[in-house]
2 protein chains.
Amino acid sequence: MNRTDYLQAAEAHCERRGCKLTALRRQVLELVLRHQGVVKAYQVLADLQKERGVAAPPTVYRALDFLVEQGLLHRVDALNGFVVCDHFECQHESMILVCETCGKVQEVDVMAALAGLHDVADAADFTLSHQNLTLTGLCKACRI
Amino acid sequence: MNRTDYLQAAEAHCERRGCKLTALRRQVLELVLRHQGVVKAYQVLADLQKERGVAAPPTVYRALDFLVEQGLLHRVDALNGFVVCDHFECQHESMILVCETCGKVQEVDVMAALAGLHDVADAADFTLSHQNLTLTGLCKACRI
DNA sequence: TGGCGAATGTTACTGTATAACATCGCGACG
DNA sequence: CGTCGCGATGTTATACAGTAACATTCGCCA
Ligand SMILES: [Zn+2]
Ligand SMILES: [Zn+2]
Ligand SMILES: [Zn+2]
Ligand SMILES: [Zn+2]
């Protein structure tokens, strides 16, 4: 899916969910899309300032929070960052693989594998919510 | 295992690994042990200041980093915090369950369940390192 | 047109983490 | 005994991350 299609789909997605991808939110989403991999809030803020002169942290945090809420981005706790989700339409829990060497990030589907974790949690009398797991390791290129 | 035994075991553990649980590191570990559940670095810093007057962030961060390195603590990224590991002797990957309501934390053993995640990562040409997963949900008490 | 609620702007602050450099303490070695 | 080296700790300053609180604007609807 190219960037334009993505943004259009994202807008429709928000619409369906009863909220609006405003100009600002869209702009922030575009800025995140321009990077590959994880982006930090203050990087987005800097980019935003380049485009519109002034901008303060709450502006970008509010937009990022919104986008995460809508499932367009995932937050990556281990890196204090955000990644674009390219299958926000389907209901899923995210599993994000972060290469320790090059920092590259990929999201994989993990529904099945999570079953095992749910079992373990059940055994501990704990009800899991939706997860956003970040796993670290080595990507193909860096494994050599 | 009571606190004294724990500290003694921790010291031996470090010794075996070729490094030393110095007085400062031991003091920080004790401070973490005094809390149940997740502790934040700046909480430890405040406690440390109460005990020895002055202390700056690097002092406590260095000690915490050391303890994590030795496997005595796990870092909980999602909360910017740390928890004591009470089975640091055995080789394990941690899975930490955090209740979204009361904030209570428990670590469970998860070796088996991780097999599924390793399979998924393999399929994505990714070699997992040791993991420190944080899963959120509701604990027994808060599920009602 | 006026009023309401959501979104955004603005200021100021709290919390989290690290860089860089100074100093200390202690064992190895001549 | 010095003194060299090195790991641990102290100190200062700053970078990075996130939020509270309040002001203002904007778009929609009565
Ligand atoms: Zn996703
Ligand atoms: Zn890599
Ligand atoms: Zn553990
Ligand atoms: Zn609970």
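Order of the sequence lines sets the chain letters (A, B, ...), proteins ahead of strands, with each chain counted from 1. Note that the structure is a prediction, hence the values are computed from the model and not measured. Heavy atoms only: backbone and side chains are in, while hydrogens, waters and symmetry mates are out.
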- [ ] Report the residue (B/R25 or A/L79) whose heavy-atom-nearest nucleotide on DNA chain D is the more 5′ of the two.
- [x] B/R25
Task: Protein-nucleotide distance (A/E69, atom CD; C/dA6, atom P), rounded to Å - done: 14 Å
Open item on the list: What is the separation between atom CG on A/L45 and atom P on C/dT8, rounded to the nearest whole Å?
Closed with: 15 Å
Open item on the list: Please pick, from C/dG9, D/dT11, C/dA17, the nucleotide with the shortest atom-to-atom distance to any side-chain atom of A/R52.
Closed with: C/dG9
Task: Which residue lies more 5' along DNA chain D, comparing B/P58 with A/Y61 via nearest heavy atoms - done: B/P58
Open item on the list: Tell me the interatomic distance from A/Q43, atom CD, to D/dC16, atom P, rounded to whole angstroms.
Closed with: 11 Å
Open item on the list: Rounding to an integer number of Å, can you tell me how far A/N80 CG sits from C/dG15 P?
Closed with: 17 Å
Task: Length of the CG-P vector between B/L64 and D/dA8, whole Å - done: 15 Å
TODO: Take atom CD of B/Q27 and atom P of D/dT9, then tell me their distance rounded to the nearest Å.
DONE: 11 Å
TODO: Calculate the interatomic distance between A/L21 atom CG and C/dA7 atom P; express it in whole Å.
DONE: 12 Å
TODO: Quickly work out the B/Q49 CD to D/dT11 P distance and round it to whole Å.
DONE: 12 Å
Open item on the list: So, OP1 or OP2 of C/dG9: does either fall under 4.0 Å of a side-chain N or O from A/T59?
Closed with: yes
Task: Proximity of A/F66 and A/Y61 rings by center, below 6.0 Å - done: no
- [ ] For B/R75, report the nucleic acid contact type (base, sugar-phosphate, nothing); a contact means any heavy atom under 4.0 Å.
- [x] sugar-phosphate
Open item on the list: Measuring only between side-chain heavy atoms, which start at C-beta, is A/E93 closer than 4.5 Å to A/N132?
Closed with: no
TODO: Respond yes when some side-chain nitrogen or oxygen of A/K40 is under 4.0 Å from OP1 or OP2 of D/dA17, and no when none is.
DONE: yes
Task: Presence of salt bridge, B/R3 and B/D5, under 4.0 angstrom - done: no
Open item on the list: Any side-chain N or O of A/R62 below 4.0 angstrom from OP1/OP2 of C/dA7?
Closed with: no
- [ ] Quick one: label B/K20 by what it contacts on the DNA or RNA (base, sugar-phosphate, nothing), any heavy atom closer than 4.0 Å.
- [x] nothing
Task: N/O (side chain, A/Y42) to phosphate O (OP1/OP2, D/dA17) under 4.0 Å - done: no
- [ ] Examine A/H74 together with A/F82 and report whether their ring centres are nearer than 6.0 Å.
- [x] no
Task: Shared hydrophobic cluster, B/L21 / B/L48 (ILVMFWY, side-chain heavy atoms < 4.5 Å) - done: yes
Open item on the list: So, does B/T22 get its side chain near the phosphate of D/dA8, meaning an N or O under 4.0 Å from OP1 or OP2?
Closed with: no
